[in-house]
Amino acid sequence: SEMCIRDSGGTDYTVAEVKECLIKWVSVVCEFNFIDAAKLRRSTQEEFPAFLTLQEMRRFHPDWVIKRSLKLEDACTGKYVDEYLGVSHCWESKGEPDVRGVQLRTLRRLLNEKRYQRVKYVFYDKMSLPQRGANGLTRAEKAEFQKMLPNINIIYLGASVVIFLDRSYFSRFWTGFEAWLSFRKATVDGLTDDDAKVEDLRCNVACIHDTNEAFASAIRGEWQSADVDKAYEKLSSPDIYVTNMSDKLVQLAKLFLFDETVRAVMRKEAIKDQTRGYTPRGYTPRSSADSTQQDLMQGSAALALRTPS
């Protein structure tokens, strides 16, 4: 009989069914809302004093909101690093991420520095994802939110990232998840350590609210060398806070499958490189069937073992 994989709920899936799921991941494309970096860069404090919600941006600054489709494959191969910037930050109060305007002033300053002169598109969740107001979300906004949130990994794995680091950053689930992805590098071995020099890392840390610079070294120490098992262990810890517990469970369950998906994407890229006469370091050619089967079994087994019941 055909080999099956059993998930934590006791349901059996055939390899073909899991393969279909993985192929959807490998070919995933998601449209996100970005803010025009040039407009933010040139804006004044008087003209744009505070972050607005996406709905407010569409009403008052519609030409600042730009839709762009990002592919996981292109994120893995570094095509978004120069032009896209994702911001990882804490929400400082319920409904307001930037109570004193410090994050906006910091972002504006960074966009005007040489390091970010080529950035065209900025992802900041309040301005990029529909926000629930007093009347909730419309059906269209809810669909947009539900499409983007599960694929946010693409941004933090593929774009340049700036962490706005305050003292609460370490204890939040979403910021920890984003930081871990931001310090990862996509390789044929999956999500591996980004071992570049600090100044060459894809992820930059900006301390805010008088947070000591030692915290910047600490956040790198926390996540830069954490493999997928270590990341799961840290993020599943009870001292890591999340507003919606289901978000935490879903993202943790996907962690291992995402790692294997990246591995599959990069092996596909390695095969392309081989045809051009280049073999990436650490890549050992395998038959396509063996490769797919092994990647699926490893990722799915890891997912099944660790998915909370």
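For the numbers below, each heavy atom of this structure counts, side chains included, while hydrogens, waters and symmetry mates do not.
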Sidechain-backbone polar pair: Gln117 side chain, Leu111 backbone, donor-acceptor under 3.5 Å: yes
Worked check of side chain to side chain contact (heavy atoms under 4.5 Å, CB included) between Asn151 and Leu72: CA-CA 9 Å; Asn151 291 307; Leu72 176 58; over 6 Å; no
Test item: Val65 and Ile35 side chains (from C-beta on) under 4.5 Å apart, heavy atoms: yes
Separation between CE of Met57 and OG of Ser128, rounded to the nearest 0.5 Å: 8.5 Å
Single-linkage hydrophobic cluster Leu104~Leu52, side-chain heavy atoms < 4.5 angstrom: yes
In one Ile/Leu/Val/Met/Phe/Trp/Tyr side-chain cluster, 4.5 Å: Leu157, Val162: no
Lys/Arg-Asp/Glu bridge criterion (N-O < 4.0 Å) met for Arg59, Glu56: no
Exam field: side chain Thr211 to backbone Cys207, donor-acceptor pair closer than 3.5 Å: no
Student check: side-chain heavy atoms of Gln251 and Val242 closer than 4.5 Å: no
Pairing residues for Asp36 by the salt bridge (charged side-chain N to carboxylate O under 4.0 Å, His left out) criterion, not counting sequence neighbours: Lys39
Pair Glu233 + Lys230, salt bridge at N-O below 4.0 Å: yes
Aromatic plane relationship, Tyr80 with Tyr84 - under 30° parallel, 30 to 60° tilted, over 60° perpendicular: perpendicular
Hphob cluster co-occupancy, Ile155 + Phe173, side-chain heavy atoms under 4.5 angstrom: yes
Donor-acceptor contact below 3.5 Å, side chain Asp259 vs main chain Leu255: no
Joint hydrophobic cluster, Val87 plus Val102, side-chain heavy atoms closer than 4.5 Å: yes
Pairing of Arg58 and Glu141 as salt bridge, 4.0 angstrom limit: no
Interatomic spacing from CD in Gln55 to CZ in Arg132 - rounded to 0.5 Å: 10.5 Å
Atom NZ of Lys234: over 12 foreign heavy atoms under 6.0 Å: yes
Trp174 with Phe170, same ILVMFWY side-chain cluster at under 4.5 Å: yes
Val122 side chain reached by Met127 side chain, heavy atoms, under 4.5 Å: no
Closest contact, heavy atoms only, Lys71 versus Val29: CG-CG2, 3.7 Å
Euclidean distance, Leu137 CG relative to Gln146 CD, rounded to 0.5 Å: 9.0 Å
Contact summary for Val119 and Arg41, nearest pair of heavy atoms: O-NH2, 2.8 Å
Under 3.5 Å donor-acceptor, Arg184 side chain and Gln224 backbone: yes
Polar side chain donor-acceptor pair, His89 to Asp166, under 3.5 angstrom: no
Nearest-0.5 Å distance that lies between atom CD1 in Ile154 and atom CZ in Phe258: 7.0 Å
Side chain to side chain contact (heavy atoms under 4.5 Å, CB included) between Phe183 and Leu181, worked out: CA-CA 5 Å; Phe183 286 117; Leu181 283 172; over 6 Å; no
Matching residue for Lys185 among Asp193, Asp227, Asp194, Asp195 - test: salt bridge (Lys or Arg N to Asp or Glu O under 4.0 Å): Asp195
Leu235 to Lys248 - nearest heavy-atom pair and separation: O-CE, 2.9 Å
Minimum heavy-atom distance between Ala159 and Gly86, given as atom pair plus value: CB-N, 4.3 Å
Side-chain donor or acceptor of Gln131 paired with backbone N/O of Leu54 under 3.5 Å: no
Enclosure of Arg167 CZ (heavy-atom neighbours >12, cutoff 6.0 Å): yes
Under 3.5 Å donor-acceptor, Ser160 side chain and Leu85 backbone: no
Other residues, nucleotides, ligands: >12 heavy atoms within 6.0 Å of Arg105 CZ: yes
Aromatic ring pairing Phe34/Phe123, orientation class (parallel under 30°, perpendicular over 60°, tilted between): perpendicular
Step-by-step side chain to side chain contact (heavy atoms under 4.5 Å, CB included) determination, Trp64 to Ser43: CA-CA 11 Å; Trp64 289 37; Ser43 67; 3.8 Å; yes
Heavy-atom neighbours of Asp200 CG exceed 12 at 6.0 Å: yes
Under 3.5 Å: donor-acceptor pair, side chain of Arg202, backbone of Tyr156: yes
Greater than 12 external heavy atoms within 6.0 Å of Arg109's CZ: yes
Residue pair Glu73, Lys79: steps toward the salt bridge (charged side-chain N to carboxylate O under 4.0 Å, His left out) verdict: CA-CA 9 Å; Glu73 183 177 359; Lys79 293 182 181 174; over 6 Å; no
Nearest-0.5 Å distance that lies between atom CE in Met148 and atom CG in Leu129: 6.5 Å
Any side-chain donor near an acceptor of the partner, Ser88 and Glu178, under 3.5 Å: yes
Rounded distance [0.5 Å steps], SG in Cys90 versus OH in Tyr169: 7.0 Å
Shortest non-hydrogen separation from Pro130 to Glu144 and the atoms involved: CG-OE1, 3.4 Å
Derivation and outcome, side chain to side chain contact (heavy atoms under 4.5 Å, CB included), residues Phe164 and Leu110: CA-CA 11 Å; Phe164 288 160; Leu110 289 173; 3.9 Å; yes
Least distance between heavy atoms, Tyr124 atom then Asp98 atom: OH-CB, 4.2 Å
